[in-house]
Amino acid sequence: MPSISRDEVAHLAKLARLAVTDDELDLFAGQLDVILQSVAQVGDIATADIPPTSHAVPLTNVFREDVVRPGLGQQQALAGAPAAEDGRFRVPRILGEEA
């Protein structure tokens, strides 16, 4: 006999907005019972001697050293721009703004 009742399965189906037949209620009750028993077995494992972890394998930082390097000058940055004006990128006017 499943530890989850047909009424509980019917309630879950209603919450999930699933239409299930009476035969499916019995089938799902059995399947959900197997799932719940499996989850309960995992909870029964002795974990007192196992340290808590967030990952199965240790992680290491892969960041490179932060080295200061020279950046682009104004003329170099604007050299690849389709349009420039007064030392700035020229872009189309947006949102109907007036000049």
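The basis for the numbers below is simple: all heavy atoms, side chains too, and nothing from hydrogens, waters or symmetry mates. Given the structure is predicted, the values throughout are model-derived calculations rather than measurements.
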Rounded to the nearest 0.5 angstrom, the CG-CG distance for Asp7 and Leu12 is 11.0 Å

Arg90: side-chain hydrogen bond (donor to acceptor under 3.5 Å, both in side chains) partners, not counting sequence neighbours: Glu85

Can I get a per-line list of side-chain donor-acceptor pairs under 3.5 Å for residues 70-81, giving both atom names and the distance, sequence neighbours left out?
residue	atom	partner	partner atom	Å
Gln74	NE2	Gly87	O	2.5
Gln76	OE1	Gly73	N	2.9

Quick check for you: to the nearest 0.5 Å, what is the distance between Ile4 atom CD1 and Gln31 atom CD? 11.5 Å

Could you walk me through whether Val20 and Val9 pass side chain to side chain contact (heavy atoms under 4.5 Å, CB included), step by step? CA-CA 9 Å; Val20 293; Val9 174; 5.7 Å; no

Audit row: Arg6, Asp22, side chain to side chain contact (heavy atoms under 4.5 Å, CB included) steps and yes/no: CA-CA 9 Å; Arg6 291 180 82 238; Asp22 288 339; 3.5 Å; yes

